[in-house]
Protein chains: 2
Amino acid sequence: MDLDQQADDPGVPVAPGGAGGRVTMQQVAAEAGVSVSTVSKVLNGRYGVSPATAQHVTGVITRLGYEASLVARSLRNRRTNVIGVLVADFEPFSTEVLKGAADAIRDSGFELVAYSAGGRVDEHVGWERRYLSRVMGTLVDGAVLVTPTVTDVQYDGPVVAVDPHTGRSSLPTVAGDNLQGARLGVDHLLGLGHTRIGMVTGRPDLVSAQLRERGYREAHAAAGLPVDESLLALGAFEAEQAREAAHRLLALPDPPTAVFGANDLSALAVLEVAAERGLDVPRDLSVIGFDNVPESALSDPPLTTVEQPIRRMGRDAVALLLALLDGAAVADTQLTLPTTLVTRRSTAAPAGPTSNGAVS
Amino acid sequence: MDLDQQADDPGVPVAPGGAGGRVTMQQVAAEAGVSVSTVSKVLNGRYGVSPATAQHVTGVITRLGYEASLVARSLRNRRTNVIGVLVADFEPFSTEVLKGAADAIRDSGFELVAYSAGGRVDEHVGWERRYLSRVMGTLVDGAVLVTPTVTDVQYDGPVVAVDPHTGRSSLPTVAGDNLQGARLGVDHLLGLGHTRIGMVTGRPDLVSAQLRERGYREAHAAAGLPVDESLLALGAFEAEQAREAAHRLLALPDPPTAVFGANDLSALAVLEVAAERGLDVPRDLSVIGFDNVPESALSDPPLTTVEQPIRRMGRDAVALLLALLDGAAVADTQLTLPTTLVTRRSTAAPAGPTSNGAVS
DNA sequence: CTGTTAGCGCATTCAG
DNA sequence: CTGAATGCGCTAACAG
């Protein structure tokens with residue numbers, strides 16, 4: 001029930017009958033019999049307050065459980081001591097970054113705010129710029145952008161991008177080595193003896209996806225193997241599209257014996273589709289992903305994947321941001337973190353003679 | 001959907017002279033040659049603006065890439081359309097809740113802000129109340145408290161607690177069934193034939209921990225087995241203490257053949273310690289946890305554990321909160337979600353001659 | 001239709 | 001040492 005539908009009386013504080021609720025500095029001041037500015041001074045430890053009143057006010061503050069509104073304070077101050085992590089949605093990747101950010105923020109004196117408009121991103125491309133405008137300058141001192149798709153945003157404040165999907169970012173950036181990672185993954189498959197390796201590709205407009213596909217091609221070239229273009233299917237980093245792509249690949253007259261998913265989401269979709277089609281992984285089909293999101297270990301079988309040090313990426317991004325806030329000249333840093341292969345149970349050597357009829 | 005790289009993209013702002021930074025409404029007004037209130041009206045679609053100026057102002061807004069400051073708007077308005085998730089730290093549990101919250105918030109028109117002071121919580125008990133004061137009323141319309149340790153916080157605003165660690169909360173609450181879950185876990189061990197089952201207990205002041213211990217005891221009682229008090233060691237939901245507890249347990253003259261960790265963190269610690277002591281899990285020792293955080297599948301061997309539907313807890317909490325905001329009379333809802341056993345590879349029948357060949 | 005005025009809660013001058 | 005005034009960016013009354 002919303003009781004305070006009445007107009008706020010500027011002079012009279014909200015009736016304290018209801019216990020709790022948002023206590024304002026006004027109320028503290030009134031209760032303590034001093035002015036708001038005095039309360040403010042006490043709160044911020046400014047000089048110019050007698051020990052007696054200071055102690056009295058402190059007492060009232062704790063008694064009322066008063067805490068300054070982050071918002072009001074942010075609006076007034078230039079510095080807020082809050083760092084923002086801006087994400088399109090809270091999913092496995094971004095939350096992993098968040099954990100890393102939390103690692104880096106600990107004992108830094110900063111607080112962390114993660115902000116998301118609730119996944120309604122596809123509607124508005126350029127969420128990153130809008131989010132930045134909303135929170136930068138007020139609320140947060142600096143921000144980490146997680147997987148932004150538009151990085152030509154020239155923002156003058158301290159902003160760091162993590163795993164930006166587009167290239168030529170003018171922002172300081174922390175990313176995994178996509179090219180090297182894809183090579184690692186496909187080389188693993190090649191090394192196992194696979195020669196017909198399919199790929200569920202990512203969003204064609206994203207540089208990260210392009211690099212992973214390039215790694216796939218380079219690995220083939222290095223092995224002296226031609227790339228069969230019919231073995232590439234668009235998954236677009238998207239569950240449903242990845243599933244369709246997997247179906248297309250596995251329905252081929254001469255289907256691949258292994259599939260490289262452009263990310264774990266895609267690879268997990270391949271795993272599902274393989275199960276639906278009665279294929280045993282890894283006996284009939286090897287599957288490998290990219291990211292090593294925690295969820296990838298939960299699949300059946302657990303997914304072999306290329307790990308990006310996501311958590312560390314978050315940690316490094318915040319560290320970079322803190323340096324930036326500290327005035328360090330690291331504005332054009334482009335960190336590329338190495339990727340590694342995590343071998344679990346979704347990959348194995350191809351069964352039987354190379355192109356022998358598979359069970360369908 | 002994101003193929004709109006068409007010709008003139010009104011979404012791309014042109015940075016004004018001073019490089020794009022925080023653009024204020026003042027600047028938009030000046031640039032458009034109108035007053036701030038007119039800009040405000042246009043922005044909020046209020047009536048009373050001629051189509052001509054409205055369009056002009058809209059043009060300037062998009063050209064400058066202006067977006068209203070969340071903070072300033074929050075301060076002015078009673079309603080912000082933002083929901084807060086307040087956490088002590090971003091760790092596996094809270095981030096899982098966050099994913100669930102994001103699920104529930106999608107297409108609700110609300111935005112999500114997750115707030116953490118950076119894990120420096122142990123210093124100040126009662127972070128939940130302080131966080132609430134900081135953000136409620138301004139910045140967020142309602143809040144979800146994740147694993148609060150103090151719930152006697154009588155807050156008059158819409159607040160929902162997830163997995164509160166203390167009992168009798170006056171807040172609407174969503175939690176897993178700790179007692180039933182513990183029974184499930186220990187019964188599993190009992191069923192396997194274990195008779196000396198150790199427990200690394202949680203923080204004694206937390207009801208969730210107390211319930212899990214009670215479940216342990218009840219399971220023993222139901223099986224007609226006495227509880228050996230020397231087999232209980234305090235882990236306090238804390239990595240280092242859990243490790244020490246594990247060492248103590250495993251160094252016993254007659255060590256347990258299985259250990260129940262009060263949460264996954266504790267169980268994972270037991271796994272580590274067992275490895276250090278040269279014990280093979282599950283041959284020499286069975287280990288079971290509680291929570292089923294994603295990380296529990298990554299251990300070696302993957303951890304058998306009692307799952308709480310964490311993500312769903314986040315989803316339900318936000319749904320509850322939205323109902324509350326909508327004026328629904330659900331203020332005293334106490335949701336208890338069922339727990340389930342997730343059998344992975346850290347548990348097996350005891351090796352010894354004790355109760356060989358026990359079939360259940 | 002438009003601009004002016006008055007705060008939201010707080011921190012900081014600057015008078016008293 | 002203290003309190004009244006000012007304004008952060010914005011919205012909602014009310015004048016013009």
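In what follows, chains are A, B, ... by sequence order, proteins preceding strands, each numbered from 1.
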If you find the nucleotide of DNA chain C closest to B/L75 and the one closest to B/K41, which residue's nucleotide is nearer the 5' end?
B/K41
Any salt bridge between B/R73 and B/E67, counting N to O under 4.0 Å?
no
Within the 4.0 Å heavy-atom criterion, would you say B/V34 contacts the bases, only the backbone, or no part of the nucleic acid?
sugar-phosphate
Distance check needed: D/dA13 P versus B/N44 CG, whole Å only.
12 Å
Would you check if there is a donor-acceptor pair between the side chains of B/T53 and B/S50 at a distance under 3.5 Å?
yes
What distance separates A/Q27 CD from A/Y66 OH, expressed to the nearest 0.5 Å?
9.5 Å
Rounded distance (Å) that lies between atom P of D/dT11 and atom CG of B/N81
13 Å
Among B/D163, B/D89, B/V97, B/T95, which residue meets the side chain to side chain contact (heavy atoms under 4.5 Å, CB included) test with B/V146?
B/V97
Which dot-bracket notation, 5' to 3', represents the base pairing of DNA chain C when pairs are defined as Watson-Crick or G-U with both distances under 3.5 Å, crossing pairs as [ ], and inter-strand pairs as |?
|.||.|||||||||||
Out of curiosity, A/S40 OG to A/R46 CZ, how far, rounded to the nearest 0.5 Å?
7.5 Å
Between D/dC8, C/dT12, D/dT2, spot the one nearest the side chain of A/R46, thanks.
C/dT12
Please tell me if B/R73 has a side-chain N or O lying less than 4.0 Å from either OP1 or OP2 of D/dT11.
yes
Interatomic distance where CE belongs to A/M25 and C1' belongs to C/dG9 [whole Å]
8 Å
Whole-Å C1' distance, D/dT6 and C/dT5:
15 Å
Can you tell me if B/N77 touches the phosphate of D/dT11, counting only side-chain N or O atoms and a distance under 4.0 Å to OP1 or OP2?
no
d(CG, B/L139; P, D/dC8) in whole Å
21 Å
Here the gap from A/Q26 atom CD to A/S35 atom OG, rounded to the nearest 0.5 Å, amounts to 10.0 Å
List in numerical order all residues of residues 59-70 of chain A for which some heavy atom is under 4.0 Å away from an atom belonging to DNA chain C.
A/Y66, A/A68, A/S69
For the P atoms, the ones on D/dG9 and on C/dT2, what distance do you get once it is rounded to whole angstrom?
25 Å
Find out whether A/T173 and A/L335 are in side-chain contact, i.e. whether some heavy atom of one side chain is under 4.5 Å from a heavy atom of the other.
no
Is B/S50 near enough to C/dT2 that one of its side-chain N or O atoms lies under 4.0 angstrom from OP1 or OP2?
yes
Distance, rounded to the nearest Å, where A/R76 contributes CZ and C/dC10 contributes P
13 Å
Please state whether the phosphate of C/dT2, meaning OP1 or OP2, lies under 4.0 angstrom from any side-chain nitrogen or oxygen of B/T53.
yes
Please tell me if B/S35 has a side-chain N or O lying less than 4.0 Å from either OP1 or OP2 of C/dT4.
no
Begin with the C-alpha distance, continue with both residues' side-chain angles, and end with the deciding distance and a verdict on side-chain hydrogen bond (donor to acceptor under 3.5 Å, both in side chains) for A/S94 and A/E91.
CA-CA 6 Å; A/S94 62; A/E91 26 71 29; 3.0 Å; yes
From the options D/dG3, D/dA13, C/dG9, select the nucleotide whose nearest atom is closest to the side chain of A/T24.
C/dG9
In whole angstroms, the gap separating C1' of C/dG9 from CD of A/Q27 amounts to 11 Å
Rounded to the nearest Å, what distance is computed from the NE2 atom of residue A/H56 to the P atom of nucleotide D/dC1?
18 Å
Ranking A/A54 and A/V36 by the position along DNA chain D of their nearest nucleotide, the one closer to 5' is A/A54
Tell me whether A/R78 at atom CZ has more than 12 heavy atoms from other residues, nucleotides or ligands lying less than 6.0 Å away.
no
Please determine if a side-chain N or O atom of A/T38 lies less than 4.0 Å away from the OP1 or OP2 oxygen of D/dG3.
yes
Euclidean distance, B/S74 OG relative to B/R79 CZ, rounded to 0.5 Å:
12.5 Å
Answer yes or no: is there a side-chain heavy-atom contact under 4.5 Å between B/E111 and A/Y131?
no
Atom-to-atom span, CD of B/Q26 to P of C/dG3 - whole angstrom:
13 Å
Counting side-chain heavy atoms from CB outward, which of C/dT2, D/dT11, C/dA11 is closest to A/L43?
C/dA11
